[in-house]
Participant: 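One structure is given below, represented as structure tokens, and several questions about it will come after.
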Protein chains: 2
Amino acid sequence: MLLHMAEFDGPLTSDALAGMMQTNPVVIRRILAGLRKEGLVHSEKGHGGGWRLAKDLESVTLYDIHLALGAPGVLALGHRTEAPGCLVEQAVNSAMGEAFDAAEALLLSQFQQITLASLSRDFHQRLDQRGITQQALSEAAHMRNCSDGDD
Amino acid sequence: MLLHMAEFDGPLTSDALAGMMQTNPVVIRRILAGLRKEGLVHSEKGHGGGWRLAKDLESVTLYDIHLALGAPGVLALGHRTEAPGCLVEQAVNSAMGEAFDAAEALLLSQFQQITLASLSRDFHQRLDQRGITQQALSEAAHMRNCSDGDD
DNA sequence: TTTCATGTAACTTACATTATTACATGAAAT
DNA sequence: ATTTCATGTAATAATGTAAGTTACATGAAA
Ligand code: FES
Ligand code: FES
């Protein structure tokens with residue numbers, strides 16, 4: 001969503017973003033409220049209002065976004081009990097905990113190395129590959145132009 | 001659960017296991033049915049029936065169990081669309097997909113190196129540390145003996 | 001002062017997981 | 001044989017979490 005905002009010239013309303021993401025405007029506001037708290041986006045009310053990126057693409061990593069979203073757990077697995085009395089469970093938690101921590105650390109360290117700028121570069125490369133010449137990219141019809149027509 | 005079965009001399013019923021795990025017997029049967037299909041456990045009906053380990057502790061890894069449980073996804077994150085038309089999303093999927101794959105591969109590779117035997121050794125070490133001499137471990141009251149009394 | 005857009009709380013829906021009920025199957029004890 | 005015990009499995013119910021929706025307040029521009 002942030003990258004689409006980056007391509008778009010001017011603020012985007014929750015309504016417009018909800019249309020792109022095929023969801024409800026309030027859901028968008030809820031999500032972006034978190035990002036605003038971390039200074040990633042900026043919002044304005046009233047006429048001509050909407051959402052705008054507040055930082056340079058180069059300075060925002062997926063990890064920053066992860067944190068802004070509340071650092072939700074990245075693993076689908078977890079301990080059944082955090083501090084079990086059962087010694088078997090303690091042994092299991094200990095061994096699996098190390099594995100969990102290592103996997104999570106690896107994932108987040110990679111997130112730290114993926115900037116919005118790098119994603120944007122990849123995006124523009126894909127645009128060129130498709131031979132898309134249109135400047136229509138910074139228009140509201142954005143989403144519809146680039147989709148394969150699925151849906 | 002498998003490790004508790006390993007400590008216990010004789011078959012354990014779904015009822016007993018459900019008591020240990022604080023859940024319903026049918027849930028236990030459903031889970032163990034998957035493990036039986038992969039030859040990890042064996043079940044017998046009727047009097048004196050129940051569940052028993054079918055393999056050596058040394059030969060079973062957490063990865064084996066993971067597979068037997070149907071190899072559920074280990075990550076809480078995933079792609080919004082698998083093959084999106086949107087080029088931004090393609091770029092995001094590509095970058096995040098690599099990170100996902102690496103993290104998942106790391107986690108599963110660690111699972112492959114954790115055997116039930118290694119967990120059992122850790123368990124017995126913890127037993128010793130606690131100075132538990134009782135052979136009551138292979139009795140039905142097992143769960144209650146070792147818990148800290150929480151719940 | 002009307003229109004537009006965010007800000008937020010409250011509520012509803014939808015979904016996936018887990019738990020329960022019910023009954024069939026099969027094996028051992030009596 | 002028949003009772004008891006235990007698994008096997010389908011069907012249903014309950015639960016918990018995430019997503020979506022409604023409603024209305026706030027603030028800014030036309
Ligand atoms: S790049 Fe996402 S719709 Fe155009
Ligand atoms: S080791 Fe788990 S209850 Fe005794």
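Here the structure is a predicted model, which is why all the values come from computation and not from measurement. Letters go in sequence order (proteins before strands), and every chain restarts at 1.
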Participant: Rounded to whole angstroms, how far apart are NZ on A:K45 and P on C:dT3?
Facilitator: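 A:K45 atom NZ is separated from C:dT3 atom P by 19 Å.
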Participant: Which whole-number value in Å describes the distance from A:N24 CG to C:dG7 P?
Facilitator: 15 Å
Participant: Can you measure B:I31 atom CD1 to D:dT9 atom P for me and round it to whole angstrom units?
Facilitator: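 Those two atoms, CD1 and P, are 15 Å apart.
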Participant: To the nearest Å, how far apart are B:I28 CD1 and C:dA19 C1'?
Facilitator: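 Rounding to the nearest Å, CD1 of B:I28 and C1' of C:dA19 are 12 Å apart.
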Participant: Does any donor atom in the side chain of A:E89 or A:T81 lie under 3.5 Å from an acceptor atom in the other side chain?
Facilitator: yes
Participant: Using whole Å, what does the distance between atom C1' of nucleotide D:dA6 and atom CG of B:L17 come to?
Facilitator: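 Atom-to-atom, B:L17 to D:dA6, this comes out as 12 Å.
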Participant: With a 3.5 angstrom cut-off on both distances, give the Watson-Crick or G-U wobble partner of D:dT22, or none if there isn't one.
Facilitator: C:dA9
Participant: Rounded to whole angstrom units, what separation is found between the CZ atom of A:R52 and the P atom of C:dT6?
Facilitator: 12 Å
Participant: Among the clusters formed by ILVMFWY side chains lying less than 4.5 Å apart, do A:L106 and A:Y63 turn up in the same one?
Facilitator: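 No, no single cluster joins them.
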Participant: Of the options A:E98, A:E82, A:H79, A:R80, which is the one that meets A:N93 in a side-chain hydrogen bond (donor to acceptor under 3.5 Å, both in side chains)?
Facilitator: A:H79
Participant: Hey, is the main chain of B:P84 close enough, under 3.5 Å, to the side chain of B:Q90 for a donor-acceptor pair?
Facilitator: yes
Participant: Starting at the 5' end of DNA chain D and moving along, which residue's nearest nucleotide shows up first, A:H47 or B:W51?
Facilitator: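 Residue closer to the 5' terminus by nearest nucleotide: B:W51.
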Participant: Heavy atoms under 4.0 Å, any strand shown: does A:G50 hit a base, just sugar-phosphate, or nothing?
Facilitator: sugar-phosphate
Participant: Kindly indicate whether the side chain of B:R30 and the base of C:dA19 share any N or O donor-acceptor pair separated by less than 3.5 Å?
Facilitator: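 Between C:dA19 and B:R30, which were checked side chain against base, a qualifying N/O pair under 3.5 Å is present.
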Participant: Given atom NE2 of A:H42 and atom P of C:dT6, what is their separation to the nearest angstrom?
Facilitator: 12 Å
Participant: Report the residue (A:G46 or A:V26) whose heavy-atom-nearest nucleotide on DNA chain C is the more 5′ of the two.
Facilitator: A:G46
Participant: Quick check on the hydrophobic clustering: are B:L12 and B:V26 connected, directly or via other members, by side-chain heavy-atom contacts under 4.5 Å?
Facilitator: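 Per the 4.5 Å side-chain linkage, B:L12 and B:V26 are not co-clustered.
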Participant: With a 4.0 Å limit, can you tell me whether B:S14 has a side-chain N or O closer than that to the phosphate oxygens OP1/OP2 of D:dT7?
Facilitator: yes
Participant: Measuring to OP1 and OP2 of C:dA5, would you say a side-chain N or O of A:T13 lies under 4.0 angstrom away?
Facilitator: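 Answer is no, no contact under 4.0 Å.
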Participant: Give a yes/no on whether any side-chain N or O of A:R29 is located under 4.0 angstrom from OP1 or OP2 of C:dG7.
Facilitator: no
Participant: In whole angstrom, give the distance that lies between atom CD of A:E44 and atom C1' of D:dA29.
Facilitator: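 Rounded to whole Å, this separation is 11 Å.
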Participant: When you check the phosphate oxygens OP1 and OP2 of C:dA19, does a side-chain N or O of B:T23 lie under 4.0 Å from one of them?
Facilitator: yes
Participant: In the strands shown, is C:dG26 matched to any nucleotide by a Watson-Crick or G-U wobble pair with both distances under 3.5 Å, and which?
Facilitator: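 Pair assignment: C:dG26 / D:dC5.
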Participant: What is the pairing partner of D:dA30, taking Watson-Crick or G-U wobble pairs with both distances under 3.5 Å in any strand?
Facilitator: C:dT1
